[in-house]
S.K.: 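My questions will all concern the structure given below.
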Amino acid sequence: MKFKIVSRGDERSNKLKATMKQYLIDFDLVYAKEDPDLVISVGGDGTFLEAFHRYAHRLESTAFIGVHTGHLGFYADWVPDEVEKLIIEIAKTPFQTVEYPLLEVIIRAKTGGTEDRYLALNEAMIKTADGSSVVFDVEIKGEHFETFRGDGICISTPSGSTAYNKALGGAILHPSLEAIQITENASINNRIFRTIGSPLILPKHHTCFLKPMVDSSFLIQIDHFTKNYQNVKSIQCRVAQERVRFARFKQFPFWNRVRDSFVAEEDR
Ligand code: NAD
């Protein structure tokens, strides 16, 4: 089996990466940058997101796992003390995987017929580049739904529902659900302008279009990176055909992870 380790780049993560790499090579696994079967991220959730995007072009053949060298992450859920156990489990290949849905975002330009396609593991957050309000026509399943005015719109995956989406008042979804969630960031609501005000959860095959009404320049944040777009005709969001595969070497039920991350210890 071929593996690759992506480190956050700090001293602790680099050291752990070097130890894990040597152990796995000693177990006759092959270190492969281009076509790994397993990608191990060492750092935090941000490192995991980076590792995911580095190999997002070959999701069918790649599984991911995260070790954290800081605080417990949603993706980086193995602690450095468990690494020897993890290495032995990996060496026993084949391993089990679970697959979760992703978000597909397609940004189309007003002129030139160009489009950019992205996959997001957590979310796409759309804001204006100059801090002014975004004004979008929001279309769901081909029908006009509302005109949104406000700081921005977040479209998240179920896996990302515990990230930015949660901070915006979105619901936490179990990551196995094939859906995307739309949450508002500070919508303008008064006698003239009105939005739904609640998070919306769309099933697979329900596509959402955001069509700029005033400005067409945006900052589009996909997971951990941000792109600046001008001349945008539409932003299309739906559940992607592709899925992410997590390598599973231990039980760590999602709701336990939610509890351990967000519920105060005295309330558990
Ligand atoms: P970062 O390192 O500042 O990460 C922000 C926090 O988000 C970290 O504590 C990380 O553990 C957590 N996180 C990431 N994915 C998560 C998930 N699926 N569930 C629960 N927590 C999660 O920034 P980064 O490394 O660039 O990570 C980018 C992510 O940060 C974005 O995808 C976004 O979800 C999140 N973010 C959150 C907020 C917010 O909550 N207000 C603001 C900006 C970005």
S.K.: Membership question, hydrophobic clusters at under 4.5 Å side-chain separation (ILVMFWY): are Ile40 and Val98 in the same one?
M.R.: no
S.K.: Output all residues satisfying side-chain hydrogen bond (donor to acceptor under 3.5 Å, both in side chains) with Lys211, sequence neighbours left out; order by chain, then residue number.
M.R.: Glu139
S.K.: Give me the atom names and distance for the closest heavy-atom approach of Val134 to Ile126.
M.R.: CG1-O, 4.3 Å
S.K.: Cation-pi check for Phe262 against Lys166: NZ or CZ below 6.0 Å from the six-membered ring centre and within 45 degrees of the axis, yes or no?
M.R.: yes
S.K.: To the nearest 0.5 Å, what is the distance between CZ (Arg194) and OG1 (Thr147)?
M.R.: 13.5 Å
S.K.: State whether Asp35 and Arg58 are salt-bridged, where the test is any N-O pair (Lys NZ or Arg NE/NH1/NH2 against Asp/Glu carboxylate O) under 4.0 Å.
M.R.: no
S.K.: I need the full list of ring-ring contact (aromatic ring centres under 6.0 Å, His included) pairs touching residues 12-34, with sequence neighbours left out, sorted by first then second residue.
M.R.: Phe3-Tyr31
S.K.: Side chains of Val105 and Ile155, heavy atoms from C-beta outward: is any pair under 4.5 Å?
M.R.: no
S.K.: Among side-chain atoms of Ser13 and Thr69, is any donor-acceptor pair under 3.5 angstrom?
M.R.: yes
S.K.: For the backbone of Ala63 and the side chain of Asp37, can you confirm whether one donor and one acceptor N or O come within less than 3.5 Å of each other?
M.R.: no
S.K.: Heavy atoms only: give me the nearest His53-Ala120 pair and the separation to one decimal.
M.R.: CE1-CA, 4.5 Å
S.K.: CG/Leu121 to CG/Leu49 distance, rounded to the nearest 0.5 angstrom?
M.R.: 5.5 Å
S.K.: Just by distance, do the side chain of Asn189 and the backbone of Thr195 share a donor-acceptor pair under 3.5 Å?
M.R.: yes
S.K.: Between the main-chain N or O of Gly197 and the side-chain N or O of Glu184, is there a donor-acceptor pair closer than 3.5 Å?
M.R.: yes
S.K.: Any side-chain heavy atom of Leu29 within less than 4.5 Å of one from Leu38?
M.R.: no
S.K.: Rounded to the nearest 0.5 Å, what separation is found between the CD atom of Gln241 and the CG atom of Leu119?
M.R.: 10.5 Å
S.K.: Heavy-atom distance under 4.5 Å between the side chains of Phe95 and Glu89, does that happen here?
M.R.: no
S.K.: Would you say that Ile222 contacts Lys227 through its side chain, given a criterion of any heavy-atom pair below 4.5 Å between the two side chains?
M.R.: no
S.K.: List the residues meeting side-chain hydrogen bond (donor to acceptor under 3.5 Å, both in side chains) with Arg117, not counting sequence neighbours, and say none if there are none.
M.R.: Glu104, Glu242
S.K.: Examine Leu86 and Leu72 and state if one hydrophobic cluster contains both, with Ile, Leu, Val, Met, Phe, Trp and Tyr joined whenever side-chain heavy atoms are less than 4.5 Å apart.
M.R.: no
S.K.: What residues form a side chain to side chain contact (heavy atoms under 4.5 Å, CB included) with Ala163, not counting sequence neighbours?
M.R.: Asn122, Glu123
S.K.: Sorted by first residue and then second, give each side chain to side chain donor-acceptor pair (under 3.5 Å) pair with at least one member in residues 249-258; sequence neighbours left out.
M.R.: Asp77-Arg257, Glu82-Lys250
S.K.: Looking at OG1 of Thr183 and OH of Tyr164, how far apart are the two atoms once the value is rounded to the nearest 0.5 Å?
M.R.: 9.5 Å
S.K.: Check the pair Met20, Val67 against side-chain contact (heavy atoms from CB on, under 4.5 Å), reporting the backbone distance first and the verdict last.
M.R.: CA-CA 11 Å; Met20 292 179 76; Val67 178; 4.2 Å; yes
S.K.: Find the distance between CD1 (Ile235) and CD1 (Ile153) and round it off to the nearest 0.5 Å.
M.R.: 9.0 Å
S.K.: Please give me the minimum heavy-atom distance between Gly160 and Asn165, naming the atom from each residue.
M.R.: O-CB, 3.9 Å
S.K.: Can you tell me if NZ on Lys204 sees more than 12 non-hydrogen neighbours from other groups inside 6.0 Å?
M.R.: yes
S.K.: Can you tell me if Glu99 has over 12 outside heavy atoms packed within less than 6.0 Å of its CD?
M.R.: yes
S.K.: Mind telling me whether Phe64 and Phe48 have parallel, tilted or perpendicular rings, with 30° and 60° as the class edges?
M.R.: tilted
S.K.: Consider only side-chain heavy atoms of I, L, V, M, F, W and Y, link residues closer than 4.5 Å, and tell whether Ile5 and Val39 are in one cluster.
M.R.: no
S.K.: Considering only heavy atoms from C-beta outward, does the side chain of His68 approach that of Val79 to under 4.5 Å?
M.R.: yes
S.K.: Going by heavy atoms in the side chains, are Cys208 and Ile182 under 4.5 Å from each other?
M.R.: yes
S.K.: Under 4.0 Å between a side-chain nitrogen and a carboxylate oxygen: does that hold for Arg12 and Asp10?
M.R.: no
S.K.: Between Ser159 and Tyr75, is there a side-chain heavy-atom distance shorter than 4.5 Å?
M.R.: yes
S.K.: If I compare all heavy atoms of Glu178 with all of Val239, which pair ends up nearest, and what's the gap?
M.R.: C-CG2, 4.1 Å
S.K.: Would a single hydrophobic cluster contain both Phe249 and Val83, if residues Ile, Leu, Val, Met, Phe, Trp and Tyr are joined by side-chain heavy-atom contacts under 4.5 Å?
M.R.: yes
S.K.: Do Tyr100 and Leu202 belong together in a cluster built from hydrophobic side chains that touch within less than 4.5 Å?
M.R.: no
S.K.: Could you walk me through whether Arg54 and Lys33 pass the side-chain contact (heavy atoms from CB on, under 4.5 Å) test, one step at a time?
M.R.: CA-CA 10 Å; Arg54 224 185 266 184; Lys33 284 185 184 168; over 6 Å; no
S.K.: Between Thr62 and Tyr55, which heavy-atom pair has the shortest distance, and what is it?
M.R.: CG2-CB, 4.4 Å
S.K.: Check the pair Leu102 / Phe52 against side-chain contact (heavy atoms from CB on, under 4.5 Å), numbers first and verdict last.
M.R.: CA-CA 11 Å; Leu102 296 166; Phe52 166 79; 3.7 Å; yes
S.K.: Which ring-ring contact (aromatic ring centres under 6.0 Å, His included) pairs, counting each pair once, include a residue from residues 101-139, with sequence neighbours left out?
M.R.: Phe136-Phe218
S.K.: Verify, without hydrogens or angle tests, whether Asp45 (side chain) and Phe74 (backbone) share a donor-acceptor contact under 3.5 angstrom.
M.R.: yes
S.K.: For Pro175 and Pro101, which heavy atoms make the closest approach, and how far apart are they?
M.R.: O-CD, 3.1 Å
S.K.: Atom NE2 of residue position His205 - does it have more than 12 heavy atoms of other residues, nucleotides or ligands inside 6.0 Å?
M.R.: no
S.K.: Between Val138 and Leu210, is there a side-chain heavy-atom distance shorter than 4.5 Å?
M.R.: yes
S.K.: Within this structure, what is the OG-CD1 distance for the pair Ser161 and Ile180, rounded to the nearest 0.5 Å?
M.R.: 13.0 Å
S.K.: Walk me through whether Ile140 and Leu200 qualify under side-chain contact (heavy atoms from CB on, under 4.5 Å).
M.R.: CA-CA 10 Å; Ile140 298 176; Leu200 301 177; 3.8 Å; yes
